[in-house]
Amino acid sequence: MSDKRKSQKTLDNEAYQQPDNSGHFGQFGGRYVAETLTNALQELEATYRELWRDPQFQADFDHDLAHFVGRPSPLYHAERWSEKLGGAQIYLKREDLNHTGAHKINHAVGQALLAKHMGKTRIIAETGAGQHGVATATVAARLGLECVVYMGAKDVERQALNVYRMKLLGATVVPVTSGSQTLKDAINEALRDWVARPEETFYILGTVCGPHPYPEMVRDFQSIIGREARQQCLAMTGKLPDALVACVGGGSNAMGLFYEFIDDQDVKIFGVEAGGLGVESGEHAARMAGDRKGVFQGQRSFLMCDDDGQITESYSVSAGLDYPGVGPEHSYLREIGRAEYVYATDDEALAAFRGLTRMEGIMPALESSHALAYVEKLAPTMNKDQVIIVNLSGRGDKDIHTVAAIDGLALNNKSDLQG
Ligand SMILES: *Cc1c(COP(=O)(O)O)cnc(C)c1O
């Protein structure tokens with residue numbers, strides 16, 4: 001008994017505290033940017049540190065999360081699905097019920113509050129499929145701030161509906177025609193804009209990537225997910241969960257769920273990447289399935305690159321997971337063995353999308369469906385009195401066109417719809 005107490009004490013003393021003062025998570029993270037951005041990032045870091053400890057800022061953030069985002073999001077016991085899988089009890093953390101349909105609004109609201117506090121008049125953002133662009137345009141509209149969203153020209157074409165949503169919200173969408181004309185090029189362009197006009201501009205970044213302090217700051221804004229989930233799980237089951245599962249694009253919804261539980265060594269943590277057409281095919285976004293690391297878009301982490309270190313293009317059926325880099329804290333959690341990273345293929349994710357929709361009446365985003373696909377493998381290996389919390393990062397409405405196209409249907413064709 002005394003031994004146990006002692007080891008508990010040691011654990012407490014070694015409570016997880018990352019990143020260090022220079023923004024490193026072990027060998028990962030950091031701030032690899034042009035000289036001209038260093039000042040802007042230092043200003044952001046200083047303001048953030050001050051405000052995150054400020055009770056008034058916390059009260060303002062909590063107020064917006066409750067009244068604008070609609071928090072707390074429910075923790076839902078998926079009883080039919082748990083029964084079918086025949087193992088652990090599965091609980092869905094319902095980030096899909098947030099305003100604008102995903103977790104991204106959490107960090108958009110937080111960063112917008114910072115922008116306002118810093119007296120910035122202009123918001124910029126990057127977006128891939130448009131979900132982060134929509135969340136950013138939403139908070140900018142609410143605060144009456146100018147908003148410019150950079151988006152790869154290919155994505156502008158593929159995501160016409162979200163482009164129009166952003167325009168309705170008053171944002172200017174700038175198509176980026178350099179490079180592969182997708183998300184990574186949009187981020188480069190947003191960073192270039194910021195360098196040119198740092199005084200009046202606030203860059204709202206969409207995930208736990210980029211130069212310090214973004215990975216830490218976005219994680220902190222998203223950590224409300226795990227804090228709520230912990231309380232809800234204790235209230236509903238009387239104990240902590242046995243496992244957490246979340247999909248990992250850049251990694252913000254996953255860090256948001258995981259962070260609160262990192263010191264609870266008995267809680268297993270699984271991050272699920274996009275396996276695309278299969279990791280052997282090369283057409284995927286499973287950065288952690290390989291062993292390549294390097295500096296990309298301001299930070300050091302695992303990534304996808306060729307033998308010469310050139311970043312390679314990723315692929316996934318879900319746009320939100322289709323990115324060759326990953327947040328540095330995930331790389332660190334993998335390295336210290338605290339989290340395990342697995343992947344689900346397009347086909348597995350699509351099957352999970354259909355399964356949850358039919359079984360629970362909840363249509364998940366294709367990104368979240370990757371996490372669900374892994375739960376389908378994990379749950380049957382566990383007991384009926386064990387608990388899995390899976391982060392349902394977003395709702396699937398935005399993906400209906402993609403699923404219909406895979407079914408060979410076109411939604412603007414009436415006979416296809418009625419068939
Ligand atoms: C953007 C997005 C993701 C991926 O981003 P993370 O930063 O990894 O969370 C996952 N799910 C949904 C619904 C998204 O919109």
Side-chain angles (χ1 to χ4, degrees), residues 73 92-108 111 125-136 138 151 155 159 162 165 182-183 186-187 204-210 214-215 217-226 244-259 270-274 285-288 297 299 301-302 314 316-331 333 339 341 343-344 349 352-353 356 362-374 390-400 402:
S73 66
L92 309 175
K93 182 58 175 160
R94 300 289 309 274
E95 294 301 297
D96 60 314
L97 293 177
N98 293 340
H99 181 41
T100 68
H103 68 288
K104 287 197 174 76
I105 193 75
N106 300 327
H107 62 230
Q111 292 183 73
E126 85 294 343
T127 197
Q131 293 306 108
H132 175 61
V134 168
T136 301
T138 298
M151 188 170 187
D155 292 330
Q159 304 289 340
N162 271 342
R165 275 171 91 186
T182 58
L183 176 60
I187 296 178
I204 296 191
L205 213 145
T207 188
V208 287
C209 289
Y214 281 104
M217 184 175 76
V218 172
R219 173 200 71 194
D220 289 348
F221 287 140
Q222 289 291 352
S223 63
I224 183 70
I225 300 175
L244 307 173
V245 181
C247 67
V248 181
S252 66
N253 87 86
M255 277 317 308
L257 177 64
F258 299 168
Y259 186 57
F270 299 94
V272 187
E273 298 184 292
R287 294 89 16 137
M288 302 282 204
Q297 296 191 319
Q299 52 113 348
S301 198
F302 282 94
S314 53
S316 168
V317 69
S318 69
L321 304 185
D322 190 356
Y323 179 62
V326 65
E329 193 160 15
H330 287 290
S331 295
L333 291 177
Y341 292 86
Y343 61 84
F353 170 93
L356 194 78
I362 296 171
M363 196 177 287
L366 283 178
E367 290 83 3
S368 325
S369 300
H370 287 72
L372 300 171
Y374 184 67
V390 53
N391 207 13
L392 203 66
S393 54
R395 67 179 82 129
D397 309 37
K398 69 182 178 60
D399 296 314
I400 293 178
T402 305

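Note that ligands are numbered from 1 as they come in the structure, with each ligand's atoms numbered from 1 the same way.
- Looking at K398, its side chain never comes within 3.5 Å of a backbone N or O of A365 through a donor-acceptor pair.
- A donor-acceptor pair is defined here as one N or O able to donate and one able to accept, closer than 3.5 Å; no such pair exists between the side chain of S252 and the backbone of V208.
- Which parts of ligand 1 touch C247 is read off a 4.0 Å heavy-atom cut-off, strictly below it: atoms 10 (C).
- A side-chain donor-acceptor contact under 3.5 Å links Q299 to the backbone of V326.
- For atom 4 (C) of ligand 1, the closest non-hydrogen atom on the protein side is G320 O, 3.3 Å.
- Using modelled atom types and a 3.5 Å distance limit, the side chains of E367 and N253 yield no donor-acceptor pair.
- Counting only distance, with no hydrogens or angles, the side chain of H107 and the backbone of G206 share a donor-acceptor pair below 3.5 Å.
- Using modelled atom types, no side-chain atom of S393 and backbone atom of H103 make a donor-acceptor pair closer than 3.5 Å.
- The backbone N or O of L205 lies less than 3.5 Å from a partner atom in the side chain of Q111, making a donor-acceptor pair.
- Ring geometry for H330 against Y341 counts as perpendicular: the plane angle is over 60°, on a 0 to 90° scale with 30° as the lower cut.
- Ligand-side atoms of ligand 1 in range of S252: 6 (P), 7 (O), 8 (O), 9 (O), range being under 4.0 angstrom from any heavy atom.
- Considering backbone and side-chain N/O of T207, one or more are found under 3.5 Å from N/O of ligand 1.
- Short contacts between ligand 1 and G394, defined as distances under 4.0 Å to a heavy atom of the residue, involve ligand atoms 13 (C).
- Annotation: atom 12 (C) of ligand 1 to nearest protein heavy atom, S393 OG, 3.5 Å.
- Those atoms of ligand 1 with a heavy atom of A365 less than 4.0 angstrom away are 13 (C).
- For ligand 1, one of its N or O atoms has an N or O atom of G250 under 3.5 Å away.
- The closest approach between H103 and ligand 1 falls below 4.0 Å for a heavy atom of the residue.
- Numbered from 1 in the order shown, with element, the atoms of ligand 1 that lie under 4.0 Å from a heavy atom of G249 read 8 (O).
- Nearest protein heavy-atom neighbour of atom 14 (C) of ligand 1: K104 NZ, 2.8 Å.
- In terms of N/O distances under 3.5 Å, ligand 1 is not approached by V208.
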